[in-house]
Amino acid sequence: MQLHECIQEAVASIRSVSNLEPKIGVILGTGLGSLADRIEVQARVEYKDIPHFPVSTVDTHAGELVLGQLAGKPVVALSGRFHFYEGYTLQQVTFPIRVAKALGIHSLVVSNAAGGLNPQFSAGDLMVITDHINFMGDNPLIGPNDDTLGPRFPDMSEPYSRAYIAMAEQAALEEGIPLRRGVYLACPGPCLETRAEYRFMRTIGADAVGMSTVPEVIVAVHAGLKVLGFSAITDECLPDALQAVDIAKIIATANAVEPKLSRIVIKCIQRFPE
Ligand code: HPA
């Protein structure tokens, strides 16, 4: 079955539950899922009930699509995301973005937990993503291109909307929340990186490293969506002072910054175009 047919089947099943036409998509990353609690929910659809949707294997992810109003705008929130390291293809990882676009969104907000490579960053910081480096060794657009979904060679000169970055910085200023800006580098995972790898990543211009977001943003750009992205800096990846990773601590740090990120995201969504 062709990709556009799979998208249409998924959309039809969601439309049978809700007629809400979302304008904004929000991917709720690790520890950032509680933004879903701020949505005036109109409908929830479990991923397992949506044709062609992959099903999440990470138990910290709820695995449902939430339709409703957030900050006065119709949104679709993806609560639970798919990672390359779980064994999905990047086409599977990014399928929900295709479906959200077909439901009507014009903008996508993404968030993730990331290790800080910039030595000025501390665990608990928030960063607005200004650009990315795809280090996954794969690309969700490989294969025949469906010209109805997007161009063969999508431009990547501004994957993260400059207008939205400015909006996020203004919102953070108004809320009194310090906001870093920087380049996010995506690795396939699942292992964390070595000291030599962190040194290399910093050298090539990355400020933060994680295992998600980039495939979704590539597909969002392909689909013509405007993107706003954030990283919650959960640990410090300093090659000369590296400490063993503590996953529980990473999740706790991501959870601790979530309310701040929610405030920024809500203010931005209020100011997004209709
Ligand atoms: N690498 C290092 N530290 C991290 C990551 C990662 O992928 N994600 C969150 N903290």
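We count ligands from 1, going down the list as the structure has it; atoms in each ligand are counted the same way. Please read these numbers as outputs of a predicted model, since none were measured by experiment.
The number of heavy-atom neighbours closer than 6.0 Å to CZ of Arg162, taken from other residues, nucleotides and ligands shown, is 12 or below. The number of heavy atoms from other shown groups lying within 6.0 Å of CD (Gln2) does not exceed 12.
The cationic atom of Lys73 (NZ for Lys, CZ for Arg) does not lie both less than 6.0 Å from the six-membered ring centre of Phe272 and within 45° of the ring axis.
Taking the six-membered ring for Trp and the full ring otherwise, Tyr160 and His132 have centroids separated by under 6.0 Å. With ring centers used as reference points, Phe200 lies under 6.0 Å from Phe135.
Close contacts of ligand 1 with Ile250, meaning ligand atoms under 4.0 Å from a residue heavy atom, involve 10 (N). Listed by atom number, the atoms of ligand 1 under 4.0 Å from Glu193 heavy atoms are 1 (N), 2 (C), 6 (C), 7 (O). In summary, the atoms of ligand 1 found under 4.0 Å from a heavy atom of Thr234, numbered by their order in the structure, are 9 (C), 10 (N). Atom numbering of ligand 1 starts at 1 in the shown order; those under 4.0 Å from a heavy atom of Ala113 are 8 (N), 9 (C). Interface of Gly210 with ligand 1, defined as ligand atoms under 4.0 Å from a residue heavy atom, comprises 6 (C), 7 (O).
When hydrogens are left out, the protein atom nearest atom 5 (C) of ligand 1 is Val209 O, 3.5 Å; that is the closest non-hydrogen contact. When only non-hydrogen protein atoms are considered, atom 10 (N) of ligand 1 lies nearest to Asp235 OD1, 2.6 Å.
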Q | Derivation of the side chain to side chain contact (heavy atoms under 4.5 Å, CB included) call for Glu175 and Lys260 | A | CA-CA 9 Å; Glu175 291 288 324; Lys260 288 193 276 185; over 6 Å; no
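An N or O contact shorter than 3.5 Å is missing between Leu192 and ligand 1 by distance.
Residues Phe95 and Val219 have side chains not in contact (no heavy-atom distance under 4.5 Å, counting atoms from C-beta outward). Counting only heavy atoms from C-beta outward, the side chains of Phe82 and Gln92 never approach each other to under 4.5 Å.
Contact annotation for Asn112 and ligand 1: no heavy atom of the residue comes within less than 4.0 Å of the ligand. Only the side chain of Tyr198 comes within 4.0 Å of ligand 1, counting heavy atoms alone; its backbone N, CA, C and O stay farther away. Contacts between Cys237 and ligand 1 below 4.0 angstrom, taking non-hydrogen atoms only, involve the side chain exclusively.
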